[in-house]
Amino acid sequence: MPSFKIDLSTAVVFVATPPVPKLVSKQTGERAMDRETGAPLSTVGLMISDEGEANLHQVTIPETGYSEGLKPGFPVTVVGLKARDWENTFNGQTRHGISFRATAITAMV
């Protein structure tokens, strides 16, 4: 499925929620892994503000792409942010949305 690059060159980005492990199944606790690198995946909430509008996005990132200690309110730089649309059907209900993924998130010091 195609993904689209997101240009953050004029945006201000802050951590809204700290990284947490991304799970394949909440029941089993199985951790989601990057298909290409095998790195464990995490999800971090980012507040992205640009052109007078701010939005909260949950972004998936490999555990190797961020350092420990990212806390809410920290300004960050996001590398390789992409968006991809998705759709699935479960128990007869179809859901759809947009997922976000980044290569790295670094704290601005």
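With values rounded to the nearest 0.5 angstrom, S3 atom OG is found 10.0 Å from L81 atom CG. One finds the CG atom of L23 at 9.5 Å from the OG atom of S42 (value rounded to the nearest 0.5 Å). From K82, atom NZ reaches atom OG1 of T103 across 7.0 Å, with rounding to the nearest 0.5 Å. Atoms CG and CG, from N55 and D50 in turn, are 10.0 Å apart once rounded to the nearest 0.5 Å. A distance of 4.5 Å separates CZ of R31 from CD of E63, quoted to the nearest 0.5 Å.
Between I48 and A11, the closest heavy-atom pair is CG2-CB, 4.0 Å. Between G73 and F14, the closest heavy-atom pair is O-CD2, 3.3 Å. The two residues K71 and V15 have their closest heavy-atom pair at O-CB, 3.3 Å. Here the closest non-hydrogen pair linking F74 and L70 is CD2-CA, 4.2 Å. Across all non-hydrogen atoms, the minimal contact from P2 to R84 is O-CG, 3.5 Å. Nearest approach of D34 to L41, heavy atoms of both residues: N-CG, 3.7 Å.
Hydrophobic clustering keeps F4 apart from V79 (ILVMFWY residues linked when any side-chain heavy atoms are closer than 4.5 Å, directly or through intermediates). By the criterion of side-chain heavy atoms lying less than 4.5 angstrom apart, applied directly or through intervening Ile, Leu, Val, Met, Phe, Trp or Tyr residues, I98 is grouped together with V59 in one hydrophobic cluster. If you chain together hydrophobic residues whose side chains sit under 4.5 Å apart, Y66 and M33 never meet in one group. L46 and I6 fall within a single hydrophobic cluster, where Ile, Leu, Val, Met, Phe, Trp and Tyr are joined by side-chain heavy atoms under 4.5 Å apart, directly or via other members.
Counting only heavy atoms from C-beta outward, the side chains of P75 and M47 never approach each other to under 4.5 Å. Between D85 and H96, the closest side-chain pair of non-hydrogen atoms is not below 4.5 Å.
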### Q58 vs T17, side chain to side chain contact (heavy atoms under 4.5 Å, CB included): CA-CA, chis, key distance, verdict
CA-CA 9 Å; Q58 295 298 319; T17 59; 4.1 Å; yes
